[in-house]
Number of protein chains: 2
Amino acid sequence: MATLKYSRQREAIKEYLSHTKEHPTADTIYMRIREIYPNISLGTIYRNLSLLVEKGEIIRINGIDGSDHYDGNTQKHYHFLCKDCQRILDLEMDSIDHINDIANKNFPGEIEGHATYFYGRCEECN
Amino acid sequence: MATLKYSRQREAIKEYLSHTKEHPTADTIYMRIREIYPNISLGTIYRNLSLLVEKGEIIRINGIDGSDHYDGNTQKHYHFLCKDCQRILDLEMDSIDHINDIANKNFPGEIEGHATYFYGRCEECN
DNA sequence: TTAGATAATAGTAATTATTATTATAAACCT
DNA sequence: AGGTTTATAATAATAATTACTATTATCTAA
């Protein structure tokens, strides 16, 4: 594979994601980075997000709503979706990897993993 | 809310979903129903799928890939996605609702539930 | 049963999120 | 610095879904 050339646009995206606790969409990231690079293109955002996900430097969260969200925290963790304010929060919790074994009990195939998020009301909306 | 008027198109969608073990997308359903009602509109498919989901007569599976899938089996169950053949299969398994409590342990908000699917290789692809 | 009211449909346009294309600009190498 | 290559901005294209509207089907009650 070709070597990845430096770009300040990509660096700014990575930097922004590593400092926010929000879990922004591509569009939100676009608006934020545009404050620094006013004529950055949405295509650049999408391409670099995919590159960073491939390199394992950020995480893509999908399936929570219509659009993908991104997370600078690459440590394995679960997410919580508040049904009121729609925010995505990080969950610090014990492993639940044993659910793979529960699922595999009566299943003839091979379960490699699971995709899970939790939902409810966050502290502030409660 | 206004009363729901009968329509044979909606009935055909419900009927098809109750007899298939596939977990078709709106587009697949569209192709199947068109065999019976050749000029059914895709908009009709989408609108009726949403109505049936609201009435609790079918289930919408989202977050597995780009498009939503639908399931005529309304009993609570989990799904498995084969990474090889991309099929969605039903899982018969014990409850894992206790993961809500695990998630709630260090969380200040209120966890109401979780959305989970499992992935790996199905029997036939193994 | 049939006329009037209302909801559903087909056909089409619009929207949203994302990916593809391409000419120009920035980064890298020697 | 000059040449090569990758990245970018700008835009077009795509895919899934929702919105709109004139016509048709269903329902209701006389």
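Below, chains carry the letters A, B, ... as their sequence lines are ordered, and counting in each starts from 1.
By the 6.0 Å and 45° rule, Arg10(B) does not stack over the aromatic ring of Tyr6(B).
Proximity of Tyr30(B) to Leu49(B): side-chain heavy atoms (C-beta onward) are nowhere separated by under 4.5 Å. You'll find the side chain of Phe107(B) reaches within 4.5 Å of the side chain of Leu89(A), heavy atoms only. Residues Asp90(A) and His79(A) are in side-chain contact: their nearest non-hydrogen atoms beyond the backbone lie under 4.5 Å apart. Counting only heavy atoms from C-beta outward, the side chains of Ile111(A) and Met93(B) never approach each other to under 4.5 Å. Side chains of Asn104(A) and Phe118(B) form no contact here, defined as non-hydrogen atoms less than 4.5 Å apart. For the pair Glu15(B) and His19(B), the minimum side-chain heavy-atom distance is below 4.5 Å. Ile45(B) is listed as a side-chain neighbour of Ile13(B), based on a closest heavy-atom distance under 4.5 Å. Within the 4.5 Å cutoff, side-chain heavy atoms of Glu112(A) are placed close to those of Arg121(B).
Residues from residues 82-90 of chain B that place a heavy atom under 4.0 Å from any atom of DNA chain C: there are none. Within residues 33-57 of chain B, the residues having any heavy atom under 4.0 Å from DNA chain C are, by residue number, Asn39(B), Ile40(B), Ser41(B), Thr44(B), Arg47(B), Asn48(B). Sorted by residue number, the members of residues 58-70 of chain B with any non-hydrogen atom under 4.0 Å from DNA chain D read Ser67(B), Asp68(B). Within residues 10-19 of chain B, no residue places a heavy atom under 4.0 Å from DNA chain D.
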Grab the N/O contacts between the protein and nucleotides 26-30 of chain C below 3.5 Å, and write none if there aren't any.
from	atom 1	to	atom 2	distance (Å)
dA27(C)	OP1	Arg8(A)	NE	3.2
dA27(C)	N3	Lys5(A)	NZ	3.4
dC28(C)	OP1	Tyr6(A)	N	3.1

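Considering all non-hydrogen atoms of both residues, Ala12(A) and Tyr37(A) come closest at CB-CE1, 3.8 Å. Taking both residues in full, the closest heavy atoms of Tyr78(B) and Thr116(B) are given as CD2-O, 3.7 Å, listed atom of the first, atom of the second, then distance.
With hydrogens and angles ignored, the 3.5 Å screen pairs a side-chain donor or acceptor of His23(A) with a backbone N or O of Ile88(A). A donor-acceptor pair under 3.5 Å is absent between the side-chain atoms of Arg32(B) and the main chain of Leu17(B), judged by distance alone.
Atom CD of Gln86(B) has more than 12 heavy atoms from other residues, nucleotides or ligands within 6.0 Å.
The CE atom of Met31(A) sits 13 Å away from the P atom of dT16(C) (whole-angstrom rounding).
Two different hydrophobic clusters hold Ile102(A) and Tyr117(B) under the rule that ILVMFWY side chains link at heavy-atom gaps under 4.5 Å. Criterion: ILVMFWY side-chain heavy atoms under 4.5 Å apart, direct or through other members. Under it, Ile29(A) and Ile36(A) are part of a common hydrophobic cluster.
In this structure, His114(A) has its ring center no closer than 6.0 Å to that of His114(B).
Axis angle, first five pairs versus last five pairs of the helix from dT1(C)-dA30(D) to dT30(C)-dA1(D): 30°, rounded to 10°.
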